[in-house]
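Report on one structure; see the data block that follows.
In what follows, every heavy atom counts, from backbone to side chain, and hydrogens, waters and symmetry copies are set aside. For reference, positions follow the sequence shown, starting with 1.
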Amino acid sequence: MSGNGYGGGGGGVGVEGYIRRHHRRDVAENQRSSHLVQHIKAPVHLVWSLVRRFDQPQKYKPFINRCVVRGNLEVGTVREVGVKSGLPATTSMERLELLDDEEHVLCISIVGGDHRLKNYSSIISLHQEVIDGRPGTMAIESFVVDVPEGNTKDETCFFVEALIKCNLKSLADISERLAAQDRTNH
């Protein structure tokens, strides 16, 4: 199912409506932007409890091995994340741009690090839906990033989308496992 049903905030808006509402971007000529959707068989509140933890992205992002936060968890806070080996980076400095607990929207931008993702920003929004008769979540993640010198727009998009797909799949797996545990414990 796509973003209909459950009546949570969208009123049957669907993917395109949520993208217009939460993921509008100005994209320059030298940039690439895209969005990905993941349907998760777990309620929004459970998925959001993982996503909103700007201080602990490694809870569901498999390529992050550590996170050090500078400041309180509020807009403008910066975190330094350690990237696992195998990727063309070891650290990334990221700033919290938006944390909306009512709309379930998190926005971050990369402000430094030893990688090629310049002017990168990402927005993830979560939306209630019904999957197989149970409360579920539609996660939408969008990004905009500069195309690095020596790469094409398609290469850049493929690389970033591959990372986001892994993160969203991991988010789904962990959330669904937690939801199953909740159902067995009640």
Side-chain angles (χ1 to χ4, degrees), residues 1-40 42-45 47-54 57 60-61 63-64 73-79 81 92-113 115-131 136-148 151-172 175:
M1 269 187 175
S2 62
N4 55 15
Y6 211 67
V13 170
V15 174
E16 294 306 317
Y18 291 130
I19 290 169
R20 278 192 302 278
R21 183 173 177 180
H22 299 292
H23 299 267
R24 292 189 71 132
R25 307 295 191 110
D26 291 325
V27 181
E29 181 62 33
N30 67 324
Q31 293 183 315
R32 186 60 198 239
S33 180
S34 184
H35 70 273
L36 294 101
V37 175
Q38 177 76 47
H39 298 277
I40 302 172
V44 168
H45 72 87
V47 181
W48 182 244
S49 72
L50 294 167
V51 170
R52 76 172 311 282
R53 294 302 306 262
F54 180 75
Y60 75 92
K61 293 185 175 188
F63 300 112
I64 295 176
L73 291 179
E74 57 193 20
V75 171
T77 298
V78 174
R79 70 183 179 195
V81 295
S92 182
M93 300 292 288
E94 302 171 353
R95 182 175 50 234
L96 180 61
E97 303 292 349
L98 174 69
L99 178 64
D100 186 331
D101 285 317
E102 289 183 27
E103 294 281 337
H104 303 113
V105 180
L106 175 81
C107 176
I108 64 123
S109 61
I110 292 180
V111 295
H115 50 72
R116 300 181 67 198
L117 297 178
K118 304 299 180 217
N119 292 317
Y120 177 92
S121 71
S122 164
I123 297 172
I124 185 167
S125 63
L126 305 180
H127 311 278
Q128 293 181 348
E129 65 178 354
V130 175
I131 303 173
T137 301
M138 176 175 40
I140 304 171
E141 187 159 354
S142 64
F143 69 90
V144 64
V145 65
D146 288 359
V147 176
N151 288 92
T152 67
K153 286 186 175 186
D154 287 343
E155 290 167 336
T156 303
C157 195
F158 179 81
F159 174 74
V160 176
E161 284 183 348
L163 289 176
I164 291 173
K165 283 178 190 173
C166 286
N167 289 341
L168 290 175
K169 176 74 168 88
S170 176
L171 177 63
S175 298

Inset, instruction - Decide yes or no for Asn30 and Val147: does some side-chain heavy atom of the first lie under 4.5 Å from some side-chain heavy atom of the second? - result: no
Inset, instruction - Please identify each residue that fulfils side-chain contact (heavy atoms from CB on, under 4.5 Å) with Lys169, with sequence neighbours left out. - result: Asp173
Inset, instruction - Would you mind reporting whether Leu96 and Arg79 have side-chain heavy atoms less than 4.5 Å apart? - result: no
Inset, instruction - Check the pair His23 / His35 against side chain to side chain contact (heavy atoms under 4.5 Å, CB included), numbers first and verdict last. - result: CA-CA 8 Å; His23 299 267; His35 70 273; 5.6 Å; no
Legend entry - Over all atoms of both residues, closest heavy-atom pair of Phe63 and Cys166: CE1-CB, 3.6 Å
Inset, instruction - Tell me, please, which residues at least two apart from Ser122 pass side-chain contact (heavy atoms from CB on, under 4.5 Å). - result: Ile108, Tyr120, Glu141
Legend entry - Spacing of Leu106 atom CG and Glu97 atom CD [to the nearest 0.5 Å]: 10.0 Å
Inset, instruction - Give the minimum heavy-atom separation between Tyr60 and Asn167, together with the two atoms involved. - result: CD1-O, 3.6 Å
Inset, instruction - List in chain and number order the residues that pass side chain to side chain donor-acceptor pair (under 3.5 Å) with Asp146, two or more places apart in sequence or in another chain; answer none if no residue qualifies. - result: Gln31, Asn119
Inset, instruction - Output the distance between atom NZ (Lys118) and atom OG1 (Thr156), rounded to the nearest 0.5 Å. - result: 13.0 Å
Legend entry - Separation between NE2 of His45 and OG of Ser175, rounded to the nearest 0.5 Å: 10.5 Å
Inset, instruction - Show the numbers, then the answer: is there a side chain to side chain contact (heavy atoms under 4.5 Å, CB included) between Ile110 and Val145? - result: CA-CA 10 Å; Ile110 292 180; Val145 65; over 6 Å; no
Inset, instruction - Please examine the side chains of Ser125 and Arg21, heavy atoms only from C-beta on, and report whether any two atoms are closer than 4.5 Å. - result: no
Legend entry - Minimal non-hydrogen separation, Leu99 against Trp48, with atom names: CD1-CZ2, 3.7 Å
Inset, instruction - May I ask you to decide if Phe143's main-chain N or O and Ser33's side chain share a donor-acceptor pair within less than 3.5 Å? - result: yes
Inset, instruction - Check side chain to side chain donor-acceptor pair (under 3.5 Å) between His115 and all other residues, then give those that pass, not counting sequence neighbours. - result: Ser92
Legend entry - Any residue meeting salt bridge (charged side-chain N to carboxylate O under 4.0 Å, His left out) with Arg25, in chain and number order, not counting sequence neighbours: none
Legend entry - Check: Pro57 and Val81 side chains under 4.5 Å, non-hydrogen atoms: yes
Inset, instruction - Name all residues meeting the salt bridge (charged side-chain N to carboxylate O under 4.0 Å, His left out) criterion together with Lys153; count only those two or more places apart in sequence or in a different chain, and write none if there are none. - result: Glu29
Inset, instruction - Calculate, to the nearest 0.5 Å, the distance between atoms CD1 and CG belonging to Ile164 and Leu36 respectively. - result: 5.5 Å
Inset, instruction - With sequence neighbours excluded, tell me which residues meet side chain to side chain donor-acceptor pair (under 3.5 Å) with His22. - result: none
Legend entry - Tyr18 side, atom OH; Ser142 side, atom OG - distance, nearest 0.5 Å: 15.0 Å
Inset, instruction - Sequence neighbours left out, what passes side chain to side chain donor-acceptor pair (under 3.5 Å) with Gln38? Give chain and number order. - result: none
Inset, instruction - Under the side-chain contact (heavy atoms from CB on, under 4.5 Å) rule, collect the residues that match up with Glu74, sequence neighbours excluded. - result: Asn72, Thr77
Legend entry - Interatomic distance, Ile131 atom CD1 to Thr137 atom OG1 [nearest 0.5 angstrom]: 7.0 Å
Legend entry - With sequence neighbours excluded, residues passing side-chain contact (heavy atoms from CB on, under 4.5 Å) with Arg116: Pro148, Asn151
Legend entry - Partners meeting salt bridge (charged side-chain N to carboxylate O under 4.0 Å, His left out) with Asp101 (sequence neighbours left out): Arg52
Legend entry - Counterpart residues, salt bridge (charged side-chain N to carboxylate O under 4.0 Å, His left out), relative to Glu161 (two or more places apart): none
